[in-house]
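Only one structure is covered here, and it is reproduced in the block below.
The first residue in the sequence is number 1, and the count goes up from there.
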Amino acid sequence: MAKILIYKDVVPNGEYDIFRTIDYQKFRDEVGESACYNVGNRARLQGIIVALEDGKNELVFLTKEMTPSQINAEFDFIVLPMANIFQRRYIADMERLTKIFSQIKVPTYVIACGAQADSFDQLEELVESVKEPASRFIRSIYETGGEFALRGFFTKDFFDKLGFPSAVVTGCPSMYQLGPALKIEKKVGTGTIKAAYNGSLRIIGKKLLKEAGSVYLDQDEFYGLLFALGNEEVSIRNDVYVRGLVRKYGYEMVKLAMEHRAMLFLDVPVWRKYLMENKFNFSYGTRIHGNIISILSGIPALICACDSRTREMAEFYAIPMIQPDQKERTLAELYELTDYSAFNANYAKNYKQFERFLVNSGLVTKIGTKNLFFTEDVSLTYVDWVQALLDPYRSTFEAQEYKLFLYDQRVRLSRKAKQITHKFLP
């Protein structure tokens with residue numbers, strides 16, 4: 001049996017508190033108008049835990065009190081879950097982690113990490129911009145006797161250019177939670193396509209959201225709208241509050257929320273159950289984990305690859321993908337592009353590659369297959385609770401909808417004018 005430190009500090013009701021359903025009311029009260037965490041990170045950590053729970057390991061999460069000397073004395077391995085660490089905005093984080101892991105003597109395995117750029121064409125620029133801090137951090141991990149499991153081949157090229165060729169591409173553990181036999185089949189036939197969208201509305205196209213039965217599933221961006229924040233002042237009038245929502249989030253998004261067609265799930269199991277019980281049969285958008293959760297629900301997903309992260313993961317798994325600069329398409333055309341023959345042919349091989357990494361590292365003797373997160377007793381009571389938050393404002397929105405649409409247009413024109421003025425005037 002191995003004692004493994006999962007290098008994440010789990011705060012109750014926080015981003016990595018995956019072992020219990022989030023208390024949504026408490027979360028709303030505590031977080032307030034602060035930024036919501038990205039729910040996709042929970043899917044990644046959940047996948048890691050499922051893989052490491054082989055019935056023999058003892059998994060322990062990081063606490064703030066733990067020191068490097070204590071960690072070295074008590075643990076056999078460290079697993080460091082990580083996503084977009086290799087980019088300019090995280091240079092300070094790389095330097096902080098380098099200081100920590102330069103004191104660690106326990107083999108450390110960084111799982112699902114990646115390099116982040118707007119496109120594959122920016123690889124050389126990215127390498128030059130983070131070369132020194134990234135190399136120091138990577139070297140500090142190798143000096144523990146550990147290794148890196150990378151999410152895709154863009155990141156692999158990044159490692160190779162820095163002179164670290166041994167890192168292994170395994171994809172993201174979030175995808176492997178249902179075992180090695182996952183297959184995705186298109187089942188619409190001549191029936192109705194019921195779509196769940198995610199990510200950038202600007203990129204995927206707002207016209208798609210007019211399709212009957214479709215929903216938009218947020219991951220963090222519209223938290224303030226969907227949790228009806230900013231309305232705590234009892235003196236604020238409903239029309240003023242709704243107008244503020246439109247100014248901040250846009251008419252189209254507010255309309256979706258008022259129509260019960262926009263949701264934000266803080267728990268992956270609740271999100272998955274919602275998709276399955278409501279019989280969605282297609283997913284499309286720019287968020288990689290939003291689409292992976294759909295795939296884990298048995299739903300064919302098409303990814304709009306808006307950056308290096310989404311593209312490298314889609315290519316590794318052979319998830320159907322289009323580029324954002326391609327022409328605007330109808331829902332039927334998008335669904336037609338969603339071919340899972342390559343994904344199904346390669347999935348078991350990718351799963352085995354991830355298992356091989358874990359076994360060769362000594363983290364498991366066999367990858368865990370018992371997923372305690374996806375159980376039948378998951379409750380969907382959150383759906384009614386969160387939709388009720390906007391109930392006091394729905395009649396106001398409906399009565400003033402056309403005026404709010406015009407107001408949104410004026411706001412957009414005003415912002416555009418300011419951008420042009422800022423660009424051309426000193």
Side-chain angles (χ1 to χ4, degrees), residues 31-38 40 84 87-92 116-119 121-122 125-126 129 197-210 216-233 235-259 261-264 284-287 290 304-310 323-329 389-390 393-394 396-426:
V31 174
E33 295 195 59
S34 302
C36 177
Y37 58 70
N38 176 3
N84 302 326
Q87 55 179 309
R88 283 184 292 272
R89 65 186 288 196
Y90 292 133
I91 286 177
Q116 180 80 17
D118 289 339
S119 73
D121 296 335
Q122 296 177 349
E125 179 185 345
L126 176 63
S129 66
Y197 299 107
N198 60 75
S200 171
L201 294 177
R202 177 184 60 82
I203 293 176
I204 66 175
K206 297 169 185 175
K207 290 182 181 179
L208 291 171
L209 289 161
K210 296 179 180 179
Y216 176 84
L217 299 180
D218 186 33
Q219 284 182 220
D220 54 9
E221 187 177 358
F222 298 107
Y223 161 69
L225 165 63
L226 299 175
F227 277 58
L229 298 178
N231 66 339
E232 281 69 24
E233 296 181 32
S235 59
I236 191 170
R237 298 199 319 263
N238 283 6
D239 61 330
V240 174
Y241 178 67
V242 172
R243 191 180 178 92
L245 291 179
V246 170
R247 182 176 187 85
K248 186 172 184 179
Y249 299 105
Y251 164 80
E252 290 91 351
M253 194 63 214
V254 175
K255 180 176 173 63
L256 285 172
M258 294 297 177
E259 293 176 346
R261 295 176 55 220
M263 302 291 295
L264 173 86
Y284 174 60
T286 61
R287 300 300 289 259
C304 185
C306 62
D307 58 18
S308 67
R309 181 192 191 197
T310 51
Q323 299 293 332
D325 59 350
Q326 293 181 352
K327 70 174 185 177
E328 188 171 328
R329 300 177 186 272
L389 292 173
L390 289 171
Y393 312 105
R394 286 195 170 88
T396 300
F397 179 84
E398 291 168 358
Q400 300 183 10
E401 185 170 350
Y402 185 61
K403 288 183 179 179
L404 292 168
F405 169 77
L406 295 177
Y407 172 68
D408 183 55
Q409 297 302 304
R410 291 197 300 273
V411 170
R412 291 171 185 271
L413 287 172
S414 175
R415 288 173 179 164
K416 188 68 175 177
K418 288 180 180 178
Q419 290 173 356
I420 293 173
T421 301
H422 180 74
K423 181 177 181 180
F424 291 104
L425 294 181

*Please walk me through it: do Leu201 and Leu209 pass side-chain contact (heavy atoms from CB on, under 4.5 Å)?*
CA-CA 9 Å; Leu201 294 177; Leu209 289 161; 3.2 Å; yes
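- Comment: Arg394 does not engage Glu398 in a salt bridge, judged by the lack of any side-chain N to carboxylate O separation of less than 4.0 angstrom.
- Heavy atoms only, all atoms of each residue included: Val411 and Arg247 are closest at CG2-NH1, 3.4 Å.
- We find that Asp307 and Arg309 are not joined by a salt bridge, their nearest charged nitrogen and carboxylate oxygen being 4.0 Å or further apart.
- Side-chain contact, Asn198 with Gln219: no donor N or O sits under 3.5 Å from an acceptor N or O.
- Asp239 and Arg243 are not joined by a salt bridge, as no carboxylate oxygen comes within less than 4.0 angstrom of a charged side-chain nitrogen.
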*Could you walk me through whether Gln409 and Tyr251 pass side chain to side chain donor-acceptor pair (under 3.5 Å), step by step?*
CA-CA 9 Å; Gln409 297 302 304; Tyr251 164 80; over 6 Å; no
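- When all heavy atoms are compared, the tightest approach of Cys304 to Gln323 is SG-C, 4.3 Å.
- With values rounded to the nearest 0.5 angstrom, Asp118 atom CG is found 9.5 Å from Gln87 atom CD.
- Rounded to the nearest 0.5 Å, atoms CG (Leu245) and CG (Leu229) are 9.5 Å apart.
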*Should Arg287 and Asn38 be marked as a side-chain contact (heavy atoms from CB on, under 4.5 Å) after you check the CA-CA gap, both sets of side-chain angles, and the distance that decides it?*
CA-CA 11 Å; Arg287 300 300 289 259; Asn38 176 3; 3.3 Å; yes
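- Under 3.5 Å, the side chains of Asn84 and Arg89 contain no donor-acceptor pair of N or O atoms.
- Checked against Tyr197 for a side chain to side chain contact (heavy atoms under 4.5 Å, CB included), the options Leu256, Leu208, Asp218 give a single hit: Leu208.
- For the atom pair Glu252 CD and Lys210 NZ, the distance stands at 8.0 Å (nearest 0.5 Å).
- When all heavy atoms of Val242 and Met258 are compared, the pair lying nearest together is CG2-CE, 4.4 Å.
- Taking OG1 of Thr396 as the start and CG of Leu390 as the end, the distance is 11.5 Å to the nearest 0.5 Å.
- Of all the heavy atoms in Ile203 and Cys306, the pair that sits closest is CD1-CB, 3.9 Å.
- Of all non-hydrogen atoms in Ala257 and Leu226, the two that sit nearest each other are CB-CD2, 3.8 Å.
- Classified by interplanar angle (parallel below 30°, tilted 30° to 60°, perpendicular above 60°), the ring pair Tyr402/Phe405 is parallel.
- Residues Tyr249 and Glu221 come closest through the heavy atom pair CE2-O, 4.2 Å.
- With hydrogens and angles disregarded, a donor-acceptor distance shorter than 3.5 Å links the side chain of Thr286 to the backbone of Ser200.
- Proximity of the aromatic rings of Tyr393 and Phe397 is defined here by a centroid distance below 6.0 angstrom, and this criterion is not met.
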*Can you list the steps and then say if Lys403 with Val246 is a side-chain contact (heavy atoms from CB on, under 4.5 Å)?*
CA-CA 11 Å; Lys403 288 183 179 179; Val246 170; over 6 Å; no
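- Surrounding CZ of Arg202 are at most 12 heavy atoms belonging to other residues, nucleotides or ligands under 6.0 Å away.
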